[in-house]
Amino acid sequence: MSEHAHAEPSFTERYVFSVDHKVIGLQYLVTSFVFLLLGFSMVLLMRWQLAFPGQPLPLIGRLLSASAAPGGVIGPEFYNQLGAMHGTIMVFLGIVPLGVGAFGNYVLPLQIGAPDMAFPRMNMMSYWLYLPGGLLMLSSFLLPGGAAQSGWTSYPPLSVINPGQTVWLLAMVLLITSSLLGSINFIVTTLNLRAPGMTLWRMPVFVWSQFVTAFLLLLAFPPLEAAAVLQLMDRVFHTSFYMPEGLIVGGQLASQWSGGGQSLLWQHLFWFLAHPEVYVLILPPMGICAEIISNNTRKPIFGYKEIVYAMMFLGTMSFVVWAHHMFVSGMSTTLSNFFLVTTMIISVPSVALLTCLILSLKGGAIRFTTPMLFALAFLPMFGIGGLTGLPLGLTVTDIYLHDTYYVIGHFHYVVVTGSLIALFAGTYFWFPKWFGRRMDDTLGKIHFWGTLAAMNGIFLPMFAIGLQGQSRRLYDPTAHLHNLIGQPLHVVSTVSAFVLMLFQIPVIYNFFYSMFRGEPTDSNPWKATTLDWQCPSPPPHGNFAKLPRVYRGPYEYSHPDHRDDWLPQDAEKAVAS
Amino acid sequence: MSDHADAKSHEKLYWMVGGALFVLTIATVLVSKYHIPHPWNYVVGIAIAVLKASLVVSIFMHLKWESRLIYYVLGITAFFAVFLFVLPIVDFSWTTGQIIHRADPAGHEAVEHH
Amino acid sequence: MSAHAAVAAPYENTGVPDGKLAIWLFLASEVMLFGTLFTSYIVLRTAAASWPVGWEVLNVPLATLNTFFLIASSVTIVMAHAKASARDKAGFYRFMGLTVLLSLAFLVVKGFEYGHKFHEGHFPSTSIFYAVYFTTTGLHGLHIIGGVAWNLGLMWWAGRDGWDDRLFLGRVEYAGLYWHFVDIVWIFLFPALYLL
Amino acid sequence: MNGNYGWFLPVQASDFAPAMDRGIHIIHWAMGVIFVLWSVFFAYLLVRYRARDGHKPDRSHLPLSVSLAPDIAVLAFEVLLVVVYAVPSWNRMKRIPPSAEGSLQVEVRGEQFNWSVRYPGADGKFGKTEPRFVDFTNPFGVDEADPAGADDVVTVNELRFPVNERVLVRLTSKDVIHSFFIPEFRVKQDAVPGLAMPVWFTPTLEGDFELACAQLCGVGHAIMRADVKVTDRAAFDQWLAAKKNATLAAAPKAAVEQW
């Protein structure tokens with residue numbers, strides 16, 4: 001299959017600078033899991049400070065530098081750095097590379113029967129722009145100014161005045177270029193490298209979700225890149241794109257900026273990206289859940305066409321709703337009504353997707369395997385996340401709830417108990433395809449129940465704290481009188497956060513142990529019908545020995561005139577006996 | 001892509017389009033030199049630019065003979081670009097009313113925004 | 001570049017070769033990038049108390065000359081592609097060389113313009129107009145430098161064994177598409193900054 | 001900790017609060033009902049269609065009309081909510097600011113980690129301000145020459161309102177984006193430097209409340225707060241007069257040298 005048959009590739013060519021989409025997928029997988037762990041440990045430091053303000057950190061308090069955490073107590077500047085980096089790492093370095101980079105890179109070519117991505121070398125370049133971008137982002141902690149500390153949204157003028165943002169912006173430009181190249185690669189592969197017979201409407205839902213996500217990445221990221229260039233110019237060359245006239249910083253007139261800029265311009269450009277970005281966070285996990293639910297209910301998913309149309313509609317609308325993040329930021333009030341209506345319209349495809357996934361359970365024979373448990377948990381949890389979005393999307397109630405802990409509860413329910421749980425499901429589901437071995441089931445179930453309980457323990461109290469009016473990003477919540485009543489809830493969240501960290505140990509151990517000494521499986525342990533399970537696992541270079549020909553849709557389970565309850569896409573015809 | 005038979009006619013077409021672009025550039029410069037009343041100079045300027053751009057896109061970039069898929073890609077991009085343009089401008093047309101035009105730090109009063 | 005020949009592909013595809021689809025997608029993202037710069041320009045201009053008139057502040061005749069250079073380079077690169085598809089190697093070299101020369105001329109004129117402004121003490125931080133001017137023309141200039149490097153690479157590759165490579169013709173066309181896009185950005189940038 | 005705060009929403013202390021709380025209650029009741037219904041149906045599906053011997057999956061699907069019913073229901077509820085509740089109250093709260101004469105004007109200016117507050121005094125007009133006059137004793141940079149500014153009262157981190165009188169706040173910021181948020185009044189508006197945003201409400205309950213900054217504004221964001229006290233008209237006038245004498249006594253020197 002591969003066009004360049006040359007001498008046996010050296011170790012680096014096979015594993016480090018590899019152009020094989022499977023190796024690049026695994027590189028993305030391990031790197032994004034490491035970043036997720038890093039981002040999560042940052043939030044543990046923050047949670048300690050929120051629950052017990054001013055008390056020194058046990059054990060590791062002394063390890064932190066004196067400037068960041070004097071006497072083991074986290075200082076406000078370090079707290080803001082942790083907050084900004086937690087958001088950036090989890091979104092740009094954790095969930096998106098896991099959902100799009102790892103699962104997309106590895107599974108998409110297999111599911112459409114392609115030998116590799118359309119541009120293997122550009123695919124490698126995507127990873128080798130992502131990794132330096134991530135390391136640059138992390139290294140900003142060690143630089144003199146410290147890491148970025150104006151939130152992951154980096155609103156000017158604060159982000160232009162504060163130290164640490166320049167490295168953040170440079171790292172963002174690297175990550176954006178990596179995502180851009182990746183999305184071009186995905187679109188061209190999906191359109192031009194499908195196995196014969198695999199028409200667009202026979203592609204699995206996971207491939208559709210990656211396809212729509214790739215368009216979101218392609219068209220939404222460049223505006224943030226331009227906005228980041230403008231902010232970089234503001235910081236380094238003292239232009240004043242975002243700096244209005246007559247700024248008085250620290251008591252003096254900030255004369256290095258001549259003024260004339262608009263701070264709200266950044267918010268428009270940032271959220272123009274950030275809202276499609278949150279749909280990039282949720283679409284691939286929804287695709288994973290559709291695959292796993294269909295496989296474990298042993299019947300075709302409900303409404304294949306509705307799901308695909310809902311995903312397309314979601315992708316289109318995601319470009320038109322961005323300013324519901326700016327209802328109280330001084331945006332024109334007439335425009336708020338427009339964005340109110342578009343936000344209400346975009347909630348319909350989310351409900352449609354959830355309805356189709358839940359109705360897929362009706363009439364199935366549900367197998368409660370570990371991936372299925374995670375996929376099933378995704379449905380109610382994402383339901384809570386979606387429902388709590390309603391009061392935030394409504395202009396009036398958003399006046400009170402904007403920038404409170406209610407918002408933090410909302411988007412963590414969507415991203416953590418939504419996307420992350422679905423990505424765990426995908427890991428358990430495709431692990432046998434990646435390594436030819438199965439992850440241990442009991443450890444998986446322990447990890448599932450512990451993670452689900454702990455996650456709810458962290459985020460459920462946040463709704464109550466938010467309704468009491470506690471603002472987000474507060475270094476010390478007890479400084480505001482109206483937050484004192486919510487302090488015990490912070491303790492509950494913090495304890496649950498530490499419990500959640502404990503429950504990640506089973507999956508880390510399980511992941512690396514099963515890689516070498518897990519129970520070996522054949523090429524199709526879950527009896528799945530999609531093409532990725534019709535090739536050996538782990539698939540060799542070039543994936544399919546013989547180019548598969550596709551005869552039917554992706555989810556032909558329990559076909560009436562076929563002997564076993566799954567009929568692969570590339571099987572010639574149903575065999576009755 | 002264009003096969004070799006009518007390559008000659010294509011080359012002639014390229015030179016003609018090049019000439020047209022030259023003329024339009026001169027036109028747009030002259031138009032802005034001899035002032036046109038306020039709203040119309042924008043309209044004419046943008047119209048000439050759009051005309052030049054459409055010439056380049058359709059002939060030079062072979063879009064006229066391109067497959068429909070490329071039209072879909074450009075259609076989607078145009079749809080989202082319109083929102084990128086229209087909404088911030090609509091917002092700032094209102095926000096400008098709220099801007100505080102401080103006296104210029106050098107002391108003289110900033111011109112009041114009409 | 002792509003893992004299979006565009007023509008004899010056993011795969012289900014759209015008939016559009018990979019490279020062309022990729023370059024058009026890349027240009028779509030570039031449309032959004034420069035679209036954002038134009039939106040920022042329009043927003044900052046409507047919100048500004050006063051906006052200098054291009055004629056007084058910038059050297060319009062010089063910029064018109066620059067526009068001629070860029071338009072000419074657009075014509076020569078499309079001619080280079082026509083010559084390459086007609087397998088006329090000398091013609092290809094002549095026109096691609098002209099394209100590179102014209103774009104270098106554009107950069108020289110742009111460099112002179114920048115130098116003149118710095119000499120007069122106008123820097124990006126001077127006022128919001130200069131900030132917009134330097135940032136947009138600077139980013140556009142970077143794209144031109146990228147284009148020049150790509151075209152030079154093509155000429156160098158044609159000299160070695162590239163001329164008979166089955167991907168050569170496609171890459172010349174994609175270089176042309178990218179270059180025409182950079183020209184279109186200037187077609188909108190020129191009136192926006194200098195004339196209106 | 002006074003009795004303003006409970007496990008749910010804080011006390012309703014302004015004219016907008018009841019309308020806002022009604023919206024929050026409606027939505028949370030609707031969310032609760034929808035979630036419970038879905039959970040019951042979800043649990044039923046898990047039990048009814050679990051894999052067990054003799055249970056064959058059947059591929060017959062519900063017709064589209066049935067499956068789209070929940071979406072239509074949610075959309076209808078939302079359209080109703082938007083048309084009946086959201087747009088009218090939003091226009092009332094944010095769209096058309098009240099006339100300056102009919103309301104108590106206050107200028108609030110956020111700066112990194114303090115709220116400077118200015119009352120126009122008897123003449124009802126604010127003195128002109130210049131960025132270059134700003135210093136520690138003159139947070140607003142009030143121009144000495146302007147007579148209108150003579151009777152202005154300037155306080156820091158302290159707001160006081162008479163009860164049942166409409167207040168029109170002219171909100172801006174000196175350096176970064178802050179957010180004017182009084183939980184009990186259900187009022188929130190970002191203070192954006194360079195923009196003067198009108199915010200208005202009518203306090204309806206006497207008592208001690210709190211103005212908290214709701215937008216990350218730097219290292220001291222957590223401690224950026226101001227005390228808000230609502231009293232009857234007489235106590236307010238008395239406080240204003242007392243404050244007036246205090247600022248007169250400590251009037252800054254006439255000639256502020258230029259550096």
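Convention: sequence-line order gives letters A, B, ...; per-chain numbering from 1. All figures in this text were calculated on a predicted structure; none of them were measured in a lab.
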So which of [options] has the largest heavy-atom pair count under 4.5 angstrom toward chain A?
options	result
Ser60(D), Gly220(D), Cys213(D)	Cys213(D)
Pro193(D), Ser89(D), Gly23(D), Ser39(D)	Pro193(D)
Glu184(D), Met197(D), Glu111(D)	Met197(D)
Arg95(D), Arg48(D), Lys56(D)	Arg95(D)
Arg52(D), Gln215(D), Gln112(D)	Gln215(D)
Ala191(D), Ser179(D), Gly6(D), Ala19(D)	Gly6(D)

Let me confirm one number: the [atom1]-[atom2] distance from [X] to [Y], rounded to the nearest 0.5 Å.
X	Y	atom1	atom2	result
Arg473(A)	His221(D)	CZ	NE2	8.0 Å
Trp7(D)	Ile465(A)	CH2	CD1	9.0 Å
Ser347(A)	Glu78(D)	OG	CD	3.0 Å
Arg59(D)	Thr297(A)	CZ	OG1	11.0 Å

Can you tell which part of [X] gets under 4.5 Å to a heavy atom of chain A, answering side chain, backbone, both or neither?
X	value
Phe77(D)	side chain
Asn91(D)	side chain
Leu195(D)	side chain
Met31(D)	both
Glu210(D)	side chain
Ser67(D)	both
Phe16(D)	neither

Is [X] in contact with chain D via its backbone, its side chain, both, or neither, using a 4.5 Å heavy-atom distance?
X	result
Phe368(A)	side chain
Glu306(A)	side chain
Thr388(A)	both
Ser471(A)	side chain
Lys362(A)	both

Next on the checklist: side-chain contact (heavy atoms from CB on, under 4.5 Å), that's the test. Do Asp398(A) and Trp90(D) meet it? Break it down for me.
Outcome noted: CA-CA 10 Å; Asp398(A) 188 56; Trp90(D) 171 261; over 6 Å; no
Determine the sole option in [options] for which the side chain to side chain contact (heavy atoms under 4.5 Å, CB included) test with [X] is passed.
X	options	result
Thr397(A)	Ile24(D), Ile26(D), Leu81(D), Asp21(D)	Ile24(D)
Trp38(D)	Thr355(A), Leu387(A), Leu354(A)	Thr355(A)
Leu361(A)	Tyr49(D), Tyr44(D), Phe42(D)	Phe42(D)

Next on the checklist: Less than 6.0 angstrom separating the ring centers of Tyr406(A) and His28(D), yes or no?
Outcome noted: yes
Next on the checklist: Quick one: does any side-chain atom of His480(A) pair with a main-chain N or O of Ala222(D) as donor and acceptor, under 3.5 Å?
Outcome noted: yes
Checklist entry - Between His482(A) and Tyr5(D), how do the two ring planes meet: parallel, tilted or perpendicular, split at 30° and 60°? => result tilted
